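Quick notes on the structure that follows.
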Amino acid sequence: MAKDPIRVLVTGAAGQIGYALVPMIARGVMLGADQPVILHMLDIPPAAESLNGVKMELVDAAFPLLKGVVATTDVVEACTGVNIAVMVGGFPRKEGMERKDVMSKNVSIYKAQASALEKHAAANCKVLVVANPANTNALILKEFAPSIPEKNISCLTRLDHNRALGQISERLNVQVCDVKNVIIWGNHSSTQYPDVNHATVKAPGGDTPVRQLVADDDWLNGEFITTVQQRGAAIIKARKLSSALSAASAACDHIRDWVLGTPEGTFVSMGVYSDGSYNVPPGLIYSFPVTCRDGKWSIVQGLSIDEFSRKKLDATAEELSEEKALAYSCLS
Ligand SMILES: NC(=O)C1=CN([C@@H]2O[C@H](COP(=O)(O)OP(=O)(O)OC[C@H]3O[C@@H](n4cnc5c(N)ncnc54)[C@H](O)[C@@H]3O)[C@@H](O)[C@H]2O)C=CC1
Ligand SMILES: O=C([O-])CC(=O)C(=O)O
């Protein structure tokens, strides 16, 4: 029997990530090739005409899974009945700007949209915040939507996770699909910690540790980390625009694994509300290694953390605590 459609909200849908993301959702990349969807697209009034153009293109693409499109500048209409909310809308970082510069512009948007989601989304709506500062926007959304379960609010660090897989695959000249279990800890910012200590590569004789195969700790503890941390800035420098196709693809990966589950023995990185695991302060949205099953994520427990890693986990937590304080000062 055909499945009922799932309503997916994309905010900032007239923007560049939105333009890459909505066709992926309509093609089944996010929720599966047998899952019909109804797209809800929100943008602000100055972008209304462009948003309508995106809607026209969705019609023209004749996606079999796409059962309806709501394109609106009304946040209530956009949020009504949605099962999944991908929050991309906001002000992007431009060349030379740090994430902190975009903080005040974005946290007030997330405070307002929290209330709309809380009042009008479907019960058990899963929320993914993409817009920067992603962790702190998600935290503000959580704080101002107290009736949405904290387990349902997350932020995107899957792009960083995928970038780390990509760097290892290039370095070792192996297929990216054979590399797994890298971890992004902390903030989606240049303090994030891309950790390969539990990562492996599939080989005929069994999974082999990345550290053993690379056999160059200086590279893994130095250039590899900074390349992943700075990849967003490198794309902005090259394109004069921030990452869009890779961000859209990572948003699909994030929701797909959350809803449909992670493969056995594989973990992925998600920004989620800290419960104090790995001595990360509770009260922050922090990227952890997680596995997903039955629509729920769980933080992978019991991984060893060496002294080098501990310092990096703490440094990015420190930055998130500072961002949280700054966000609240912007809102007051
Ligand atoms: N977490 C991650 O891995 C990544 C996050 N980002 C972030 O994603 C966000 C979107 O990036 P782009 O699509 O490149 O930006 P963009 O500027 O092309 O699109 C943003 C869209 O949001 C809309 N918008 C602004 N305020 C809004 C509001 N209150 N409600 C609804 N829509 C609103 C704008 O009109 C625009 O159409 C930025 O904050 C960017 O920094 C970008 C790449 C990766
Ligand atoms: O760096 C930026 O502003 C865009 C972004 O989040 C990324 O590409 O990771």
Side-chain angles (χ1 to χ4, degrees), residues 9-22 40-54 71-79 85-117 127-138 140-141 154-164 166 184 186-192 194 227-255 269-271 285 287:
L9 167 66
V10 176
T11 72
Q16 47 146 8
I17 295 177
Y19 191 71
L21 179 58
V22 291
H40 288 221
M41 304 194 296
L42 174 71
D43 214 295
I44 48 176
E49 195 178 349
S50 164
L51 186 67
N52 193 42
V54 178
T72 181
T73 57
D74 175 4
V75 69
V76 172
E77 187 186 4
C79 292
V86 186
M87 312 298 286
V88 187
F91 190 90
R93 185 162 67 122
K94 303 267 166 69
E95 198 173 0
M97 283 170 86
E98 270 303 316
R99 276 181 181 68
K100 281 176 187 148
D101 301 331
V102 293
M103 170 85 67
S104 64
K105 291 182 189 297
N106 284 315
V107 289
S108 52
I109 297 175
Y110 281 80
K111 182 181 171 189
Q113 294 186 349
S115 318
L117 277 175
V127 183
L128 166 62
V129 177
V130 175
N132 284 314
N135 303 54
T136 300
N137 286 340
I140 294 301
L141 198 152
S154 65
C155 83
L156 189 71
T157 54
R158 184 62 175 268
L159 175 54
D160 311 287
H161 181 102
N162 289 348
R163 286 167 172 163
I184 302 299
N187 200 1
H188 172 68
S189 77
S190 53
T191 67
Q192 68 177 254
T227 299
V228 177
Q229 288 172 331
Q230 300 293 337
R231 190 68 160 184
I235 302 288
I236 294 173
K237 189 158 185 286
R239 273 181 16 99
K240 314 294 175 220
L241 287 168
S242 59
S243 303
L245 83 86
S246 54
S249 180
C252 290
D253 289 344
H254 176 114
I255 296 287
S269 304
M270 281 174 70
I285 299 263
S287 179

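The structure presented is a predicted model; accordingly, all values stated were derived computationally and were not measured. First listed ligand is number 1; within each ligand, the first listed atom is number 1. In this chain, residues are counted from 1 in sequence order.
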Please check this pair: side chain of [X] against backbone of [Y], looking for a donor-acceptor N/O pair closer than 3.5 Å.
X: Asn137; Y: Asn132; answer: yes
X: Asn135; Y: Ile285; answer: yes
X: Ser287; Y: Ile184; answer: yes
X: Asn187; Y: Gln192; answer: no
X: Gln16; Y: Ser242; answer: yes

Numbering as shown, the atoms of ligand 1 that approach [X] to under 4.0 Å (heavy-atom distance):
X: Ala14; result: 37 (O)
X: Gly12; result: 21 (C), 22 (O), 23 (C), 31 (C), 32 (N)
X: Gly89; result: 22 (O), 32 (N), 33 (C)
X: Phe91; result: 39 (O)
X: Ser242; result: 14 (O)
X: Ile44; result: 25 (C), 26 (N), 27 (C), 28 (C), 29 (N), 30 (N), 33 (C), 35 (O)
X: Ser243; result: 43 (C)

Can you pull out the closest protein heavy atom to [atom]? Residue, atom name and distance to 0.1 Å, please.
atom: atom 5 (C) of ligand 1; value: Val130 O, 3.0 Å
atom: atom 2 (C) of ligand 1; value: His188 NE2, 3.2 Å
atom: atom 10 (C) of ligand 1; value: Val88 O, 3.2 Å
atom: atom 23 (C) of ligand 1; value: Asp43 OD1, 3.2 Å

Min N/O separation [X] to ligand 1 under 3.5 Å:
X: Ile109; answer: no
X: Asp160; answer: no
X: Ile17; answer: yes
X: Asn132; answer: yes

Practice task
Dump the intermediate steps for side chain to side chain contact (heavy atoms under 4.5 Å, CB included) on Val127 and Met87, then the final yes or no.
Solution key: CA-CA 7 Å; Val127 183; Met87 312 298 286; 3.9 Å; yes

Heavy atom to [atom], shortest distance: which of [options] holds it?
atom: atom 4 (C) of ligand 2; options: Ala134, Ser242, Ala233; value: Ser242
atom: atom 22 (O) of ligand 1; options: Gly90, Gly15, Pro45; value: Gly90
atom: atom 30 (N) of ligand 1; options: His254, Gln113, Gln16, Arg231; value: Gln113

Which of the atoms in ligand 2, numbered in the order shown and given with their element, are less than 4.0 Å from a heavy-atom of [X]?
X: Arg163; value: 7 (C), 8 (O), 9 (O)
X: His188; value: 5 (C), 6 (O), 7 (C), 9 (O)
X: Ser243; value: 8 (O)

Practice task
Among Leu21, Leu9, Val129, find the residue that satisfies the side-chain contact (heavy atoms from CB on, under 4.5 Å) test when tested with Val86.
Solution key: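 Testing each of Leu21, Leu9, Val129 against Val86, the sole residue satisfying side-chain contact (heavy atoms from CB on, under 4.5 Å) is Leu21.
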
Practice task
Pick one of side chain, backbone, both or neither for how Leu159 approaches ligand 1, counting any non-hydrogen atom pair under 4.0 Å.
Solution key: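 Side chain only.
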
Handout entry: Exercise: do Asp253 and Asn162 side chains pair donor with acceptor under 3.5 Å
Key =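 Note: Asp253 and Asn162 side chains meet the donor-acceptor criterion.
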
Practice task
Specify side chain, backbone, both or neither for Asn132, according to which of its non-hydrogen atoms lie closer than 4.0 Å to ligand 2.
Solution key: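 Asn132 to ligand 2: side-chain contact only, backbone stays beyond 4.0 Å.
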
